Amino acid sequence: MLKEIIIENVYDFDTAHIFDCGQCFRWNNDIGVVGSYVCKATYDEEKHLLKLETNGGTKEFWQNYFDLDTDYSAIKKMLAASDPDIIPALEYGQGIRILNQDIFETIISFIVSQNNNIPRIKKCIEAICARYGEQLGEYFGEMRYSFPSAGVLAEADVCDLAELKLGYRCEYIVSAARQYLKFGAPADYDELLSYPGIGPKVANCIMLFGLHSVEAFPIDTWVKHIMNDMYGFEKNDVKGMTGFARDRFGNYAGYAQQYLFYFYREKKD
DNA sequence: TCGCAGGTGGTCG
DNA sequence: CGACCACCTGCG
């Protein structure tokens with residue numbers, strides 16, 4: 001049974017920008033699964049209304065999920081002031097928002113993302129949910145599944161996971177779920193690095209998307225291209241890029257990364 | 001066939 | 001340290 005939630009006075013919002021800027025994998029055609037909730041999001045840019053058709057969650061829950069209490073206009077102003085070169089990217093992805101996502105789901109999702117491409121990442125994650133998640137019911141024409149808990153994945157058989165075409169990431173997933181179960185949610189970058197299958201790039205993604213540490217600046221192949229194109233860094237000078245991001249964007253580096261990533265990735269097609 | 005895709009871990013020097 | 005390199009899988 002779906003209910004409708006309307007949130008008023010929503011600015012700096014565009015579902016395409018939010019769902020395609022690389023932070024999440026379970027939204028398609030503005031329909032997504034968040035926890036045990038299925039949701040279809042529609043934004044009216046004339047009236048600045050966000051309409052959600054969902055099977056659950058309070059208005060406050062969704063308000064937080066979509067990060068609606070953060071002033072993105074102010075963030076864009078600050079980024080533009082610190083670096084005029086980023087302005088085209090700010091305009092192109094004007095509706096980007098960094099979601100407040102579940103930490104465990106983010107950990108597993110970005111372990112799956114390594115050395116992988118987005119369509120296949122999405123396919124892999126849906127396969128994990130269909131196999132190990134809970135049935136939430138049929139919504140918008142198909143059965144929806146929750147993302148499995150750490151307890152369930154910790155007990156998963158590596159060979160079963162292999163059938164989902166996760167490749168060498170199977171072992172990482174089970175080990176990571178066990179570590180999470182044993183020690184609880186990771187709190188910082190170093191703790192994330194101690195997880196199997198998590199290196200600097202994935203750790204920064206989890207910091208930014210799972211822990212909402214908006215100063216994190218994940219450097220993937222796209223950002224490497226950008227930093228080479230726009231700022232003249234050598235392809236593999238990750239250290240230089242990290243320092244540059246920190247110096248230029250400071251505590252807003254994560255936002256900058258999202259605008260730049262979306263701009264370059266979309267522009268390429 | 002081969003390189004690449006939102007990289008990481010292991011092994012050398 | 002830093003530079004290589006193998007690695008599941010699917011696509012162009």
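Each chain gets a letter, A, B and so on, in the order its sequence line appears, and its residues count up from 1. Since we're looking at a predicted model, the values are computed, not measured.
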Does any N or O donor sit under 3.5 Å from an N or O acceptor when you compare the side chain of A:Tyr168 with the base of B:dG7?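 Per atom types, the contact qualifies.
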
- Within the modelled atom types, does a donor on one side and an acceptor on the other bring the side chain of A:Arg169 and the base of C:dC7 under 3.5 Å apart?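 By the distance-only test, no, there is no pair.
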
Would you mind classifying the nucleic acid contact of [X] as base, sugar-phosphate or nothing, using non-hydrogen atoms under 4.0 angstrom?
X	result
A:Ile121	nothing
A:Gln23	base
A:Gly167	base
A:Tyr195	sugar-phosphate
A:Pro119	nothing

In whole Å, I'd like the distance from the [atom1] atom of [X] to the [atom2] atom of [N].
X	N	atom1	atom2	result
A:Asp237	C:dG2	CG	P	10 Å
A:Arg265	B:dC4	CZ	P	17 Å
A:Ile173	B:dG9	CD1	P	14 Å
A:Leu193	B:dG9	CG	P	8 Å
A:Lys201	B:dA5	NZ	C1'	11 Å
A:Asn117	B:dG7	CG	C1'	13 Å
A:Lys122	C:dG10	NZ	P	18 Å
A:Gln114	C:dA6	CD	P	17 Å

From the list B:dA5, C:dG10, B:dT8, which nucleotide is the closest neighbour of the side chain of A:His225?
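Between B:dA5, C:dG10, B:dT8, the one nearest the side chain of A:His225 would be B:dA5.
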
**Study point:** C:dC11 to B:dT8 separation - C1' atoms, rounded to the nearest Å
**Key:**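 Here C:dC11 and B:dT8 have their C1' atoms 22 Å from each other.
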
What's the gap between B:dA5 and C:dG2 when it is taken at their C1' atoms, as a whole Å value?
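Per the computed distance, 24 Å lies between those C1' atoms.
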
Which comes earlier along DNA chain B counting from the 5' end, the contact point of A:Phe110 or that of A:Gly197, where each point is its nearest nucleotide?
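Final value for this comparison: A:Phe110.
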
Checklist entry - Mapping A:Cys205 and A:Tyr172 to their closest nucleotides on DNA chain B, which lands nearer the 5' end? => result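 Counting from the 5' end, the first nearest nucleotide belongs to A:Cys205.
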
* Watson-Crick/G-U partner (both atom distances under 3.5 Å) of C:dC8 ->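 Matched C:dC8 with nothing under the 3.5 Å cut-off.
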
Next on the checklist: Please compare A:Lys123 and A:Asn115 by the position of their nearest nucleotide in DNA chain C and report the one closer to 5'.
Outcome noted: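 Looking at the nearest nucleotide for each, A:Asn115 comes out on the 5' side.
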
Quick check on DNA chain C: between A:Lys239 and A:Lys165, whose nearest nucleotide comes earlier from the 5' end?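 Here A:Lys239 is the residue nearer the 5' end.
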
Checklist entry - Any chance the rings of A:Tyr180 and A:Tyr195 have centres within less than 6.0 Å? => result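 No, too far apart.
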
Quick check: A:Phe25 with A:Phe110 (ring centres under 6.0 Å apart)?
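When the ring centroids of A:Phe110 and A:Phe25 are compared, they turn out to be within the sub-6.0 Å range.
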
Any donor-acceptor N or O pair under 3.5 Å, side chains A:Gln101, A:Ser109: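 Checked: A:Gln101/A:Ser109 side chains show no N/O donor-acceptor pair below 3.5 Å.
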
Review point. Is it true that A:Glu126 and A:Arg26 make a salt bridge, defined as a side-chain N closer than 4.0 Å to a carboxylate O?
Key: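 Salt bridge: yes.
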
With side chains defined as the heavy atoms from C-beta onward, is the minimum distance between A:Tyr255 and A:Val214 less than 4.5 Å?
->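 Counting from C-beta outward, A:Tyr255 and A:Val214 do come under 4.5 Å.
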
A:Tyr43: which of A:Phe19, A:Phe13, A:Phe66 passes ring-ring contact (aromatic ring centres under 6.0 Å, His included):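 So the option named by the test is A:Phe13.
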
